[in-house]
Chemist: 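Got a structure here, written out as structure tokens. Questions coming.
Throughout, a chain's letter reflects where its sequence line sits, starting with A, and its residues are numbered from 1.
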Amino acid sequence: MSLQVHNTLTRTREEITPRHGEGQTLSLYTCGPTVYAHAHIGNFRAYVFEDLLQRHLQERGFIVRRVMNLTDVDDKTIRGAHAAGIALADYTRPFKEAFFEDVKTLRLLPAEAYPAATDPEQIARMIAMIAILMEKGNAYQAEDGSVYFRIASFPDYGRLAHVDLENQRSGQRVASDEYDKEAVADFALWKAWVPEDGPVGWESPWGKGRPGWHIECSAMATGLLGETIDIHCGGVDNIFPHHEAEIAQCECAAHGEKPFVRYWMHCAHLMVEGSKMAKSAGNFFTLRDLLQKGWTGREVRYALISVHYRGALNFTIEGLGSARTALGRLDAWRARLYETAGSETAAERPDPATEGFFSALDDDLNISAALAVLFETLRESNRRMDMGNEEKLTPAQARGLLNWLVRVDGVLALEADSSTTIPAEVEELVAARAAARTGKEWKKSDEIRDQIAALGWIVKDTKDGQKLTKA
RNA sequence: GGCGGGGUAGCCAAGUGGUAAGGCCGGGCUCUGCAAAAGCCCCAUGCGACGGUUCGAUUCCGUCCCCCGCCUCCA
């Protein structure tokens with residue numbers, strides 16, 4: 001089966017294919033964070049979905065060139081910098097750094113590039129693109145000095161969101177500075193400098209100012225990936241107007257190659273404990289908040305990845321608990337397979353049904369069906385490791401499953417962190433306890449267990465001896 | 001009003017015109033000095049409501065109810 005995804009533009013499932021002359025390469029543009037605060041769990045839902053997409057595309061042999069932008073100039077960042085009394089760059093820097101730490105924590109593959117809106121070369125690209133739009137009559141400078149995109153010049157506007165502007169309830173937020181626009185729906189390409197911007201601003205053919213949000217993605221995406229991008233992702237809330245605006249800008253500025261994007265993919269929103277995540281509701285989480293409460297990156301990753309991207313995800317603490325338990329089972333299973341495989345290097349191909357994991361993902365990233373294959377494989381092989389007869393799982397079969405798991409984890413990235421080193425002190429206690437147990441000195445054994453626990457380790461007795469895990 | 005997403009066991013969640021995957025919780029058993037963990041087994045005559053089509057519908061059609069999101073810079 002071919003890899004198919006739901007394309008927001010056509011509202012149908014379409015097979016992903018590379019473009020002619022591009023070999024197996026696919027370009028992927030993903031809208032990144034606005035660095036005015038720490039990214040929250042809802043932002044990461046989108047990034048985890050995009051990561052799953054990228055990893056599965058790679059598993060299927062595609063070479064993915066992904067770009068993710070960083071919005072480091074907008075109303076919020078300017079306001080934040082002003083409130084803190086520091087320069088814009090100094091205000092956004094720590095949030096950028098924090099974002100990259102979070103990316104690692106959640107095991108997101110790094111993008112090929114993370115262009116920031118304030119990079120001089122990106123500002124130059126944006127100005128160049130606006131100039132083309134001005135030249136072609138798709139943009140105009142208004143009385144207020146700002147440059148706007150003329151939506152009337154692009155009949156296709158609304159095609160992605162399937163909206164007819166005539167039918168829209170006109171926005172209630174028509175700010176006074178928008179009186180200068182030809183049409184209410186026209187959006188800013190270049191925002192003229194205003195006193196509130198303070199030291200933030202760049203010179204342009206239209207005077208000092210700063211770029212509009214939409215032009216940022218358009219310029220960076222086409223600048224780094226070309227006039228046509230294969231896949232563009234984001235959250236559903238970006239469909240309109242952001243992505244609609246990107247299409248308008250890019251297709252009007254293009255030298256011919258169209259469309260701007262071949263496959264649009266959008267993930268649904270995330271809710272927390274059944275309600276919309278909001279600071280006022282007290283259910284607003286950043287990744288950092290969760291780490292502080294003792295949850296790990298991979299537990300959060302599991303919780304975020306395990307629900308289909310186009311369905312609303314209800315993020316709950318109970319769900320994190322579920323994730324922890326399920327991951328524990330996977331860890332224990334993997335460890336058991338390692339033991340069974342031993343030093344065997346020859347691998348026997350696992351049951352063909354295990355390929356169902358990947359074919360499920362071919363079906364618009366049906367993660368639920370994929371995980372079902374994983375857990376069915378777990379149960380079946382555990383059953384066979386329990387057996388004592390000729391059906392018992394052989395080392396070669398275990399090795400085969402481990403090899404399959406390498407591919408599975410290439411997509412899920414949920415394997416336990418590489419074994420943490422056990423302190424010598426704990427090692428000694430374990431050895432002492434082993435001796436005590438050989439002599440059936442149960443009281444001493446229990447005391448040592450308490451000592452080990454005090455050092456932050458949990459010891460469990462299995463038929464193969466003591467097993468240590470970090471508390 | 002327009003455009004979307006969704007209502008499947010206590011919770012999360014796939015899926016199919018032919019009698020309901022998987023995860024968590026719960027119950028049972030095995031292992032076990034104890035503890036903990038792990039493993040195996042069990043756990044929806046039911047898929048928002050009501051009609052219709054059909055030998056048969058959760059799945060198709062119709063009507064309706066409810067929840068969530070977007071509608072100008074929030075993933």
Chemist: If you measure only the distance, is there a donor-acceptor pair under 3.5 Å linking the side chains of A:E101 and A:T105?
Modeler: no
Chemist: State which of B:C40, B:A14, B:U72 makes the closest approach to the side chain of A:P241.
Modeler: B:U72
Chemist: Under 4.0 Å between any heavy atoms, over every strand shown, what does A:K76 touch: base, sugar-phosphate, or nothing? Just pick one.
Modeler: sugar-phosphate
Chemist: Quick check with a 6.0 Å cut-off and a 45 degree axis cone: is A:R407 positioned over the face of A:F358's six-membered ring?
Modeler: yes
Chemist: Contact class for A:L270 (heavy atom, under 4.0 Å): base, sugar-phosphate, or nothing?
Modeler: base
Chemist: Is a donor from one side chain sitting under 3.5 angstrom from an acceptor on the other, for A:H243 and A:H266?
Modeler: yes
Chemist: Nearest-Å distance, CD1 (A:I151) to C1' (B:C71)?
Modeler: 13 Å
Chemist: Counting side-chain heavy atoms from CB outward, which of B:U72, B:A75, B:A38 is closest to A:A332?
Modeler: B:A38
Chemist: Going by the ring-ring contact (aromatic ring centres under 6.0 Å, His included) test, name the single residue among A:Y140, A:F187, A:Y157 that passes it with A:F149.
Modeler: A:F187
Chemist: Using the P atom as the point on both nucleotides, what is the distance between B:A37 and B:A44, in whole Å?
Modeler: 26 Å
Chemist: Classify the nucleic acid contact of A:D446 as base, sugar-phosphate or nothing, counting any heavy atom under 4.0 Å across all strands shown.
Modeler: base
Chemist: So what does A:H266 touch, heavy atoms closer than 4.0 Å: a base, only the sugar-phosphate, or nothing?
Modeler: nothing
Chemist: Taking only the side-chain nitrogens and oxygens of A:R11, find out if one of them lies under 4.0 Å from OP1 or OP2 of B:G4.
Modeler: yes
Chemist: Contact class for A:M271 vs. all strands (heavy atom < 4.0 Å): base, sugar-phosphate, or nothing?
Modeler: sugar-phosphate
Chemist: Report yes or no: do A:S146 and A:Q141 form a side-chain donor-acceptor pair below 3.5 Å?
Modeler: no
Chemist: Extract from the structure each pairing of a protein N or O with an N or O of nucleotides 21-23 of chain B at less than 3.5 Å, listing the distance.
Modeler:
unit_1, atom_1, unit_2, atom_2, d
B:A21, O2', A:E376, OE2, 2.6
B:G22, OP1, A:R379, NH2, 3.1
B:G23, OP1, A:R329, NH1, 3.2

Chemist: Heavy atoms under 4.0 Å, any strand shown: does A:R45 hit a base, just sugar-phosphate, or nothing?
Modeler: nothing
Chemist: Rounding to an integer number of Å, can you tell me how far A:R310 CZ sits from B:A13 P?
Modeler: 15 Å
Chemist: Between B:G46 and B:A38, how far apart are the C1' atoms? Round to whole Å, please.
Modeler: 33 Å
Chemist: Judged by atom type as modelled, is there a donor-acceptor pair below 3.5 Å linking the side chain of A:Q397 to the main-chain atoms of A:T394?
Modeler: yes
Chemist: Keeping A:N366 on the side-chain end and A:A369 on the backbone end, is there a donor-acceptor pair under 3.5 Å?
Modeler: yes
Chemist: Quick one: label A:S445 by what it contacts on the DNA or RNA (base, sugar-phosphate, nothing), any heavy atom closer than 4.0 Å.
Modeler: base
Chemist: Taking atom C1' in both B:U53 and B:G62, what distance in whole Å separates the two?
Modeler: 11 Å
Chemist: Identify, between A:A268 and A:H162, the residue whose nearest nucleotide on RNA chain B lies closer to the 5' end.
Modeler: A:H162
Chemist: Under 3.5 Å, is there a donor on one side chain and an acceptor on the other for A:Q54 and A:R66?
Modeler: yes
Chemist: Under a 3.5 Å threshold, yes or no: a donor from one side chain and an acceptor from the other, between A:H269 and A:D237?
Modeler: yes
Chemist: Please report the distance, rounded to the nearest Å, between CG in A:D364 and C1' in B:G5.
Modeler: 13 Å
Chemist: Is there aromatic stacking of A:H269 against B:G69, centre distance under 5.5 Å, plane angle under 30°?
Modeler: no
Chemist: I need the CG-P distance between A:L374 and B:A14, as an integer number of Å.
Modeler: 17 Å
Chemist: Looking at B:C34, I'd like to know if its phosphate oxygens (OP1 or OP2) sit under 4.0 Å from a side-chain N or O belonging to A:R449.
Modeler: no
Chemist: Taking OP1 and OP2 of B:G15, is either one under 4.0 Å from a side-chain nitrogen or oxygen of A:N366?
Modeler: yes
Chemist: Let me know the distance between CD of A:E380 and C1' of B:G39, rounded to the nearest Å.
Modeler: 13 Å
Chemist: For the side chain of A:N382, counting heavy atoms from C-beta on, which of B:G33, B:G39, B:C74 is nearest?
Modeler: B:G39
Chemist: Pick the P atom in B:C43 and in B:G23, then give their distance to the nearest Å.
Modeler: 14 Å
Chemist: Determine whether any donor atom in the side chain of A:R437 lies under 3.5 Å from an acceptor atom in the base of B:G33, or the reverse, and answer yes or no.
Modeler: yes
Chemist: Between atom CD1 in A:I239 and atom P in B:U72, what is the gap in whole Å?
Modeler: 14 Å
Chemist: Expressed as a whole number of angstroms, how long is the span from A:L313:CG to B:C11:P?
Modeler: 17 Å
Chemist: Quick one: label A:G42 by what it contacts on the DNA or RNA (base, sugar-phosphate, nothing), any heavy atom closer than 4.0 Å.
Modeler: base
Chemist: Quickly work out the A:H243 NE2 to B:C71 P distance and round it to whole Å.
Modeler: 14 Å
